[in-house]
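What follows is a set of notes on a single structure, which appears directly below.
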Amino acid sequence: MPEGPSLVILRENIASLTGLKVREVSGNSKQDLQRLRGRTLRAIRTWGKHLLLDFGDDLAVRIHLLLFGSYRIDEEKEGKVPRLALSFTKKRRLNFYACSVRFIETPLDDVYDWSADVMSDHWDPKAARGKLKSMPDAIVADVLLDQDIFAGVGNIIKNEVLHRIRLHPETPVGALPSRKLTELITQARQYSFDFYEWKKQFVLRKHWQVHAKKTCPRDGTPLSYRQYLGKAQRRAFWCDACQRRYGNVPATPATPLRRR
DNA sequence: TAACATGTTACGGT
DNA sequence: AACCGTAACATGTT
């Protein structure tokens with residue numbers, strides 16, 4: 001559920017709540033939810049993996065679904081206590097479960113750098129390039145997950161983008177030829193839009209080339225897999241035959257199993 | 001069925 | 001202060 005494109009879909013699914021007034025609020029969030037009572041939902045925005053319910057007058061609710069979060073529109077989830085349940089006028093409802101809920105009491109434009117959001121109209125590839133230039137030693141698997149650079153990109157998108165551009169996950173940013181760096185930035189956004197379309201059509205999974213796969217779709221080469229790769233310590237799937245590693249950086253030894 | 005996963009944050013230690 | 005590693009959280013799926 002929770003990568004950037006899924007949040008855009010969520011935003012679109014609840015767009016019809018814009019302009020409605022909150023009649024009742026409940027939920028097990030620690031925020032003072034009753035402050036929302038009687039307020040009008042002025043706008044719904046997203047930034048990366050954040051859903052932003054803007055109630056105006058410097059009060060917005062930030063929802064982050066993390067790994068397990070979910071939502072329901074105009075219905076309840078059987079046997080689950082909502083973290084936040086909003087009842088609106090016109091008998092509309094919106095529930096969120098197992099997620100992070102926080103108030104933001106600063107204008108959203110002051111808090112968020114919209115140019116970093118790969119799904120945003122304000123996405124700025126040049127800004128991303130500048131940030132990447134300042135961190136030559138970081139590996140590409142880590143920078144794709146860096147929300148200050150590629151807000152909305154998650155682990156699936158990371159793995160798929162790197163395969164699409166035939167780039168090894170452990171390549172340091174500084175070792176990338178200029179054109180490859182351009183591809184990385186371009187495809188971080190392009191793949192996210194492909195993800196968005198496939199997700200809407202319920203065909204996302206079948207388009208996965210490497211994520212959670214065993215062999216490379218190009219020629220059946222067994223994929224390499226590391227459970228905890230890079231600083232982010234996330235799963236990486238890649239093909240050593242077609243994903244090139246740049247730079248004279250020795251392959252890192254297999255990551256020791258992280259204690260869990 | 002136990003382990004894991006599309007994610008992040010809080011906290012303690014250095 | 002900045003950085004690092006670990007625990008914690010939560011739930012559907014395999």
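Here is the naming used below: chain letters follow the sequence lines, and residue numbers restart at 1 for every chain.
For A:Arg245 and A:Trp238, the positive end is not near the middle of the six-membered ring at less than 6.0 Å and at most 45° from its axis.
Note on A:Arg62 versus A:Asp54: no salt bridge recorded, every NZ/NE/NH1/NH2 to OD/OE distance being 4.0 Å or above. Under 4.0 Å is where a charged nitrogen must lie from a carboxylate oxygen, and between A:Glu105 and A:Arg35 at least one such pair does.
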5'-to-3' dot-bracket of DNA chain C (Watson-Crick, G-U; under 3.5 angstrom; crossing pairs as [ ]; | other strand):
.||||||||.||||

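Regarding contacts with the backbone of C:dT6, every side-chain N or O of A:Gln233 stays at 4.0 angstrom or more from both OP1 and OP2. Listed pair A:Lys49 / B:dT8 meets the phosphate criterion, a side-chain N or O lying under 4.0 Å from OP1 or OP2. An OP1 or OP2 oxygen of B:dG7 is reached within less than 4.0 angstrom by no side-chain nitrogen or oxygen of A:His64. Distances shorter than 4.0 Å separate some side-chain N or O of A:Arg235 from OP1 or OP2 on B:dT6. The phosphate of B:dC4 (OP1 or OP2) has no side-chain N or O of A:Arg234 nearer than 4.0 angstrom.
Contacts of A:Lys77 with the nucleic acid, taken as non-hydrogen atoms under 4.0 Å apart, involve only primed sugar atoms and P, OP1 or OP2.
Listed by chain and number, the residues in a side-chain contact (heavy atoms from CB on, under 4.5 Å) with A:Asp137 amount to none (sequence neighbours excluded). In this structure, the side-chain contact (heavy atoms from CB on, under 4.5 Å) partners of A:Lys21, at least two apart in sequence or on a different chain, are A:Thr40, A:Thr89.
The distance between the ring centers of A:His163 and A:Phe237 does not fall below 6.0 angstrom.
Spacing of P atoms, B:dC4 relative to C:dA7, comes out at 14 Å, to the nearest Å.
Residue whose closest nucleotide on DNA chain C sits further toward the 5' end, between A:Arg205 and A:Ala98: A:Ala98. Nucleotides of DNA chain C nearest to A:Val81 and A:Lys231 differ in position, and the one nearer the 5' end is that of A:Lys231.
Shown are A:Arg164, A:Arg189, A:His207, A:Gln187; of these, the side-chain hydrogen bond (donor to acceptor under 3.5 Å, both in side chains) with A:Asp194 is made only by A:Arg164.
Rounded to an integer number of Å, the gap from A:Gln147 CD to B:dT9 P is 9 Å. Taking atom CG on A:Leu66 and atom P on B:dA10, their separation rounds to 11 Å, with Å as the unit.
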